[in-house]
Amino acid sequence: MRNVSTVLWFLAGWSGAGLVVGFLALPTSIALLGGLAAAALVRWEPSGRLWGTTQRRVRPIEEVAAELDAQAGTAATPARERFPG
C-alpha cells in the first residue's frame with residue numbers, strides 16, 4: 001500500500017508543480033522536484049500517522065488466557081458490590 005501511495009503522490013505532486021511551473025514560465029524539469037518532494041514526504045512520513053509505527057507482538061496463549069480469566073473474574077461481580085450507594 002505504501003508503494004502505491006508513493007507513486008500516486010509523486011504523480012499528483014508532479015502535476016501540481018507542473019501547473020505552477022507552467023504559470024510562472026519556468027523550465028519544466030523543475031516540476032519533477034515537486035513530485036519527488038511529495039513522494040518522499042509520503043514514503044518517509046515523519047509523524048507516523050499514515051502507516052503507524054507500532055509493531056505487532058506475539059503473546060503466548062497462556063498470557064492471553066490469564067488475562068481473559070482476570071477480566072471474567074472482575075466482570076462477574078454484581079453491580080451493587082462494585083458501586084456501593
Side-chain angles (χ1 to χ4, degrees):
M1 188 68 178
R2 183 180 280 192
N3 293 334
V4 172
S5 296
T6 301
V7 169
L8 292 176
W9 275 102
F10 168 74
L11 294 172
W14 192 9
S15 298
L19 182 68
V20 172
V21 164
F23 281 137
L24 298 177
L26 297 172
T28 57
S29 60
I30 294 176
L32 185 64
L33 295 176
L36 290 174
L41 189 66
V42 169
R43 180 70 179 173
W44 297 291
E45 47 116 11
S47 66
R49 292 181 186 173
L50 291 176
W51 313 119
T53 56
T54 59
Q55 295 180 357
R56 294 182 183 172
R57 192 184 102 180
V58 177
R59 295 176 19 188
I61 191 66
E62 293 83 12
E63 183 181 323
V64 175
E67 182 180 329
L68 290 174
D69 286 342
Q71 288 176 357
T74 58
T77 57
R80 263 191 264 149
E81 291 179 17
R82 285 186 284 164
F83 303 108

Those residues that, when tested against W14, pass ring pair (Phe, Tyr, Trp, His ring centres under 6.0 Å) (two or more places apart): F10
Interatomic distance, L11 atom CG to T6 atom OG1 [nearest 0.5 angstrom]: 11.0 Å
In chain order, what residues pass the side-chain contact (heavy atoms from CB on, under 4.5 Å) check against E62, with sequence neighbours excluded?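 Residues passing side-chain contact (heavy atoms from CB on, under 4.5 Å) with E62: P60.
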Suppose we screen for side-chain contact (heavy atoms from CB on, under 4.5 Å). Which residues come up paired with L26, at least two apart in sequence or across chains? V21, L24, I30
Given the rule that I, L, V, M, F, W and Y join up when any side-chain heavy atoms are under 4.5 Å apart, are V7 and L32 in one cluster? yes
If I compare all heavy atoms of G34 with all of A17, which pair ends up nearest, and what's the gap?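 Looks like CA-CB, 3.9 Å.
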